Every structure is written in C-alpha cells, then in structure tokens.
Amino acid sequence: MIAFVSGPVAALAPDSAVVEVGGIGMAVQCTPNTLSGLRVGEQTRIATSLVVREDSLTLYGFADDDERQTFELLQTASGVGPRLAQAMLAVHSPDTLRLAVANGDEKTLTAVPGIGKKGAQKLLLELKDRLGAPVGTSRAGVGAAVTSGWRDQLHAALIGLGYATREADEALDAVAPQAEAALADGTQPQVPKLLKAALQTLNRAR
C-alpha cells in the first residue's frame, strides 16, 4: 500500500493533483478541501490510499492520516466504494461523520450526493461501531460548518488552483444562487459540483 506521496506539486485539476515523486508524476484523486492546501511548485505530503481494481489502480489523497483512515473505514460498509467514501469526505470532515453516526443523524449523511434516506439508515447501523467517537466537535459547530462552509471550501479550492482572490470572489458570486437554492430545498450545497460550475464561469470570463 502507498501510505503517502511526498514531493513538489506538478499540476492541479478540480478533482486531482499530480505530485512528482522520484521523477514520476503520481496522479492523486483529492477532495476540494485537500486541493485547497496545495500550490503548484510547492512541496507537499499527501496521505494516500491505493484502490486496486481489475482494470485500474487509483490513488486517493487526503489532507491527513485521519481522513485516510476514515476513507478506508467507510468502505467497510456494504455499498460504499471509494468514490462514495471520498464524496462523504468532500462534504463532511471525519469528526462530522463520527458525530452523525454516533447521534444517528440521517440528515447529515443525506447531504452527501448519492446517499438517500434508506442508504443513510443502513450506513448508520453498519458504521456505528467502526468510526469511533467524535473528537472535540460540538453539534452546533457541525451545523454551522455544514451550512456555511461551502463558501470557504470553494474559495480555498479556487485559490489553490491558481486563481486570484478577485476571480475567486466573482466565481463565488456566480454560483451563490445555485448554493442558496439547495439550502432553500433543505439540502446542502455540493462543493465539487459548485467548483465545476465556478470553473466554467471563470473559463468563459477569460
């Protein structure tokens, strides 16, 4: 297993990064939160999990070992593959997921694209004794982060991709109605989807 990759960041994309390791470019699938901390040309160390399939080898990257461990534990639940596990971590921090499972909070899990009410109920049962206890996160803090965190995550991701602060602010304003519409419907804004929409507006402006 490749536990981490370390080296200069060679390239960044909306859902991945390329890290040069010993002269080889390692493509790593990352969440917007992880990508927001990366800069092209700067040294980085990304915790990774290698997923092996018959027709592919995919390296998933995380900001720290806690995210990686949570990613792997999530996949012990039936029906949860690497893409869904990463989507869960794109929307929620490991501690938010632990708190949701500990409290039987379906709403937090259904905020993740691809998880419905029945799926959330099943996950709560299967993950109850696997994720462990929350570490220092209050219920109020989680609610605030889920509701307003999309702006901070999206802004950080755009800056990490090399856009100027002004461009990032304009892109946020452009996709804000989409996020507000999701909140009005009682669902949480999907940061990866908003990032793609923001990048489209930036590409049209250039």
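Keep in mind it's a predicted model, so treat the numbers as computed, not measured.
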Novice: Taking Ser16 for its side chain and Ala27 for its backbone only, find out whether a donor-acceptor pair lies under 3.5 Å.
Specialist: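 No; zero donor-acceptor contacts below 3.5 Å.
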Novice: Looking at Arg83 and Val80, would you say the former's side chain and the latter's main chain have a donor-acceptor pair under 3.5 Å?
Specialist: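 No: the side chain of Arg83 does not pair with the backbone of Val80.
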Novice: Is a side-chain N or O of Arg45 found less than 3.5 angstrom from the main chain of Phe4, in a donor-acceptor match?
Specialist: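 Here the side-chain-to-backbone pair does not exist.
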Novice: State yes or no: do Phe62 and Leu73 share one hydrophobic cluster built from I, L, V, M, F, W and Y residues joined by side-chain heavy-atom distances below 4.5 Å, directly or via other members?
Specialist: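 Yes: a chain of side-chain contacts under 4.5 Å links Phe62 to Leu73.
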Novice: Could you walk me through whether Leu124 and Asp105 pass side-chain contact (heavy atoms from CB on, under 4.5 Å), step by step?
Specialist: CA-CA 8 Å; Leu124 290 173; Asp105 184 357; 5.7 Å; no
Novice: Using side-chain contact (heavy atoms from CB on, under 4.5 Å), reason through Thr48 and Met26 one step at a time and then give a plain yes or no.
Specialist: CA-CA 11 Å; Thr48 58; Met26 305 285 285; over 6 Å; no
Novice: Quick check for you: to the nearest 0.5 Å, what is the distance between Ile46 atom CD1 and Ser6 atom OG?
Specialist: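 Interatomic distance, Ile46 CD1 to Ser6 OG, rounded to 0.5 Å: 9.0 Å.
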Novice: With no hydrogens and no angle check, is any side-chain donor or acceptor of Glu126 less than 3.5 Å from a backbone partner on Ser78?
Specialist: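 Yes, because the side chain of Glu126 sits within donor-acceptor range (under 3.5 Å) of the backbone of Ser78.
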Novice: Have a look at Ile115 and tell me which of Thr108, Leu84, Val91 forms a side chain to side chain contact (heavy atoms under 4.5 Å, CB included) with it.
Specialist: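 Of the listed options, the one satisfying the test is Leu84.
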Novice: Could you tell me whether the side chain of Gln75 and the main chain of Phe71 form a donor-acceptor pair under 3.5 Å?
Specialist: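 At least one qualifying donor-acceptor pair exists.
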Novice: Check this for me: does any side-chain nitrogen of one of Arg98 and Asp95 sit under 4.0 Å from a carboxylate oxygen of the other?
Specialist: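 Looking at Asp95 together with Arg98, the answer is yes, because their closest N to O distance falls below 4.0 Å.
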Novice: Is there a path of hydrophobic side-chain contacts, each under 4.5 Å between heavy atoms of I, L, V, M, F, W or Y residues, that connects Leu123 with Leu131?
Specialist: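 Leu123 clusters together with Leu131.
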Novice: Passes side-chain contact (heavy atoms from CB on, under 4.5 Å), Arg130 versus Leu74? Steps please.
Specialist: CA-CA 8 Å; Arg130 301 181 191 180; Leu74 289 171; over 6 Å; no
Novice: Would you check if the side chain of Glu167 reaches a backbone N or O of Ala164 as a donor-acceptor pair within less than 3.5 Å?
Specialist: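 Confirmed, Glu167 side chain pairs with Ala164 backbone.
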Novice: Main chain of Gln29, side chain of Gln86: is a donor-acceptor contact present, judged purely on distance under 3.5 Å?
Specialist: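 Between the backbone of Gln29 and the side chain of Gln86 there is a qualifying donor-acceptor contact (under 3.5 Å).
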Novice: For atom CD of Gln69, decide whether the heavy atoms of other residues, nucleotides or ligands shown that lie under 6.0 angstrom number more than 12.
Specialist: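 No, the 6.0 Å shell around CD holds no more than 12 heavy atoms from other groups.
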